[in-house]
Structures are given as structure tokens and as C-alpha cells.
Amino acid sequence: MHSNISKEMDFRFPPIVLIKSNNKPEEAIGPKEGKGGCVMSFIAQTIAKRKTTCFGRENITCGGISSGFGWGDGFKDEDALDFQASFLSCGVDSAPDLEEYETRLGYMKKHTAEMFREGERIFTDFETAKENIKNRPIYDTEDYVIFKGLENLEDGEIPLSVIFTVNAVELTALIQLNTSFRTRDTYILTPQASACQAIGNFTFKQAESDDPKPILGPIDFAGKNKMKHFIPSEYMQLSMPWKLFLKLEKVSEKSVLQTDLWKKFKQQ
């Protein structure tokens, strides 16, 4: 697909798209069946190397990814939810049942157990973490999530999320485009979400709105850490539903991107 924003901004990392399907593309890369873990290292390869990546329900071992990709909430019971709430807050210091939490850590590899013992500290305490987890947007559709370059979008494919990977100057320009047709309210969202959720279910939720907003991420260091081999750490992702992307495409045709001032920044 041709993108006027991409033409005008000449990104180092052109935008990618997220598509859901019940069919797995043969050429896609992804984790081996039965192997879980964080998906962001694969998504980073789509961004940097333009490789199509694909994830199926059979590859997911993380409740956060399940909700992020729209495959339910990812928890088999309340104990599983409590475990993740402890991990996303202060680990052992947040666990309501310390003995049970330590027992689960005993089944993990040493470096993973140490991370879970300390906790990601995305949330300040267990109660805040649990409430936020329960408030995630939940969907349960299709068996596969596919990431590909926007330029590889085929006729008839409608992405659920368009994802820009941008430096500070590029982000400034996209924010200005997104704000240029609005008159009030909040124009950009930064939910306390994992990297996969920011580009996934939180963006899906915005598609339901008559006034969708883009999502800025990742704001979790675990996700950024998985991407840093391919994407410099100073880059951020700005994701948006398809209909907002199409709006910005139209807006971009007569915008700051045609000014001499933008061209000066673009050349730096």
C-alpha cells in the first residue's frame, strides 16, 4: 500500500500493520509450536527487517500476550491472575500468598525466577496491578495474529492496528498531524500496558470509538529490552486503528509535512 505519510517522512522504520486471521501464512516467522515467551523480539524483526511474523494461540504462555492479541484474558483461574498482579507490581513484596508465589518461582529457570522475585514494578502495589489487569480490554477472535510491513498489505486486508516506530522528531510530527483536526479532549493515550497490549487490544478498543486516539508505547522496559537488538532504545511506537490512520493519511496531504520548517528537521 502507498502511504503519503511514509513518503513525506521517509522513516528509517516504515510503519507495520497487525492483522488477525484464521489462516497462518507459510512465509511468516515466529516462535516454534509450544514455545512461548515475549513476542516483541519477533515484532522488532518485522519493523527492522520487514519480515512477516505470525503468532498462534498454541505459542502463547503469557497471560499478558493473550489479552494483547485478543485471545481472552489468559488466566485459567484467580490464582493465575494474582500471580501476574504480584509480578507486575513488586514481586515477592507484593504477593498476597508469599509461600505460593515462591513455589511457582521454584519451577522457573534461575534468571527468570530472579526477575519474578523482584517484579516488573509497572504498578505500585498488588491491588493497583490487579485492578488494572481486570480492566484490560478483552477480545477473543481468530487464531493467528500477523505482522507485516504496510507496503505488503494485500487488497482486501484491513489491519486492526497500524504501528509507527519513530524517533522524537518523527513522533512530534505525527502528534501534530493527529492534533491538527481536533478541538478538545485528550489526543494521545499512554495506558500502563505491555508493549504487545499497546499495539494490540488497547488499539483495538480505540477502533470502537467515534473519536479514536493513538496509543504511545512501549512504556514497559521488558518489551523494550526484547527489541533493542533491532530497534534503538530511543525509538517509540505509536499505534492506531485503521480508520484513524486513513484520517491522518488524508490530513497529511496538506500539513506541516509540506513546510520548509519540517524539511529542515527531516534533513538533520
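Only a predicted model underlies this, so the values are computations on that prediction, with no experimental measurement involved. Just so it is clear, the values below take in all heavy atoms, side chains as well, and ignore hydrogens, waters and symmetry mates.
- Scored by the ring pair (Phe, Tyr, Trp, His ring centres under 6.0 Å) test, W262 finds no partners at all (sequence neighbours excluded).
- In this structure, S3 and L150 approach most closely via the heavy-atom pair CB-CD2, 3.7 Å.
- Residue K205 qualifies as open at atom NZ: its count of foreign heavy atoms under 6.0 Å is 12 or below.
- With rounding to the nearest 0.5 Å, the separation of CD in Q192 from CD1 in I219 is 4.5 Å.
- Few gaps surround CZ on F181; more than 12 heavy atoms of other groups in view lie less than 6.0 Å from it.
- E99 CD: 12 or fewer foreign heavy atoms inside a 6.0 Å radius.
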Could you list the donor-acceptor pairs under 3.5 angstrom formed between side-chain atoms of residues 46-55 and any protein atom two or more places apart in sequence or on another chain?
from : atom 1 : to   : atom 2 : distance (Å)
T46  : OG1    : K51  : O      : 2.7
T46  : OG1    : T53  : OG1    : 2.9
R50  : NE     : E151 : OE2    : 3.0
R50  : NH1    : P14  : O      : 3.0
R50  : NH1    : I47  : O      : 2.9
R50  : NH2    : P15  : O      : 3.0
R50  : NH2    : E151 : OE1    : 2.9
R50  : NH2    : E151 : OE2    : 3.4

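- For K7, the salt bridge (Lys or Arg N to Asp or Glu O under 4.0 Å) criterion is met by no residue, not counting sequence neighbours.
- Of all non-hydrogen atoms in A198 and T203, the two that sit nearest each other are O-OG1, 2.7 Å.
- Although no hydrogens or angles enter the test, the distance criterion places no donor-acceptor pair under 3.5 Å between the side chain of E8 and the main chain of I5.
- For residues 14-33, no pair satisfies ring-ring contact (aromatic ring centres under 6.0 Å, His included), with sequence neighbours left out.
- Interatomic distance, CG of L174 versus OG1 of T179, reported as 10.5 Å (0.5 Å rounding).
- At most 12 heavy atoms of other shown residues, nucleotides or ligands fall within 6.0 angstrom of atom NZ in K228.
- Pairs of residues two or more places apart, or lying in two chains, that qualify as ring-ring contact (aromatic ring centres under 6.0 Å, His included) and include a residue from residues 82-104 are F83-Y101, F83-F116, F87-F116.
- For the ring-ring contact (aromatic ring centres under 6.0 Å, His included) criterion with Y235, the lone passing option out of F164, F13, F230 is F13.
- Other residues, nucleotides and ligands contribute more than 12 heavy atoms inside 6.0 Å of the OH atom of Y187.
- A salt bridge links R57 to D140: one of the charged nitrogens lies within less than 4.0 Å of a carboxylate oxygen.
- Closest approach of D97 to E100, counting heavy atoms only: OD1-N, 3.1 Å.
- A salt bridge links E102 with R117: the closest approach of a Lys/Arg side-chain nitrogen to an acidic carboxylate oxygen falls below 4.0 angstrom.
- Contact record, K20 with G70: NZ-O, 3.0 Å, taken as the closest heavy-atom pair.
- Sequence neighbours left out, the pairs with a member in residues 180-191 that pass salt bridge (Lys or Arg N to Asp or Glu O under 4.0 Å) are R182-D211, D185-K213.
- The environment of K226 atom NZ is sparse: at most 12 non-hydrogen atoms of other residues, nucleotides or ligands sit within 6.0 angstrom.
- Counting heavy atoms of neighbouring residues, nucleotides and ligands inside a 6.0 Å radius, atom NE2 of H229 does not exceed 12 of them.
- Closest approach of S66 and D73 over heavy atoms only: CB-C, 4.5 Å.
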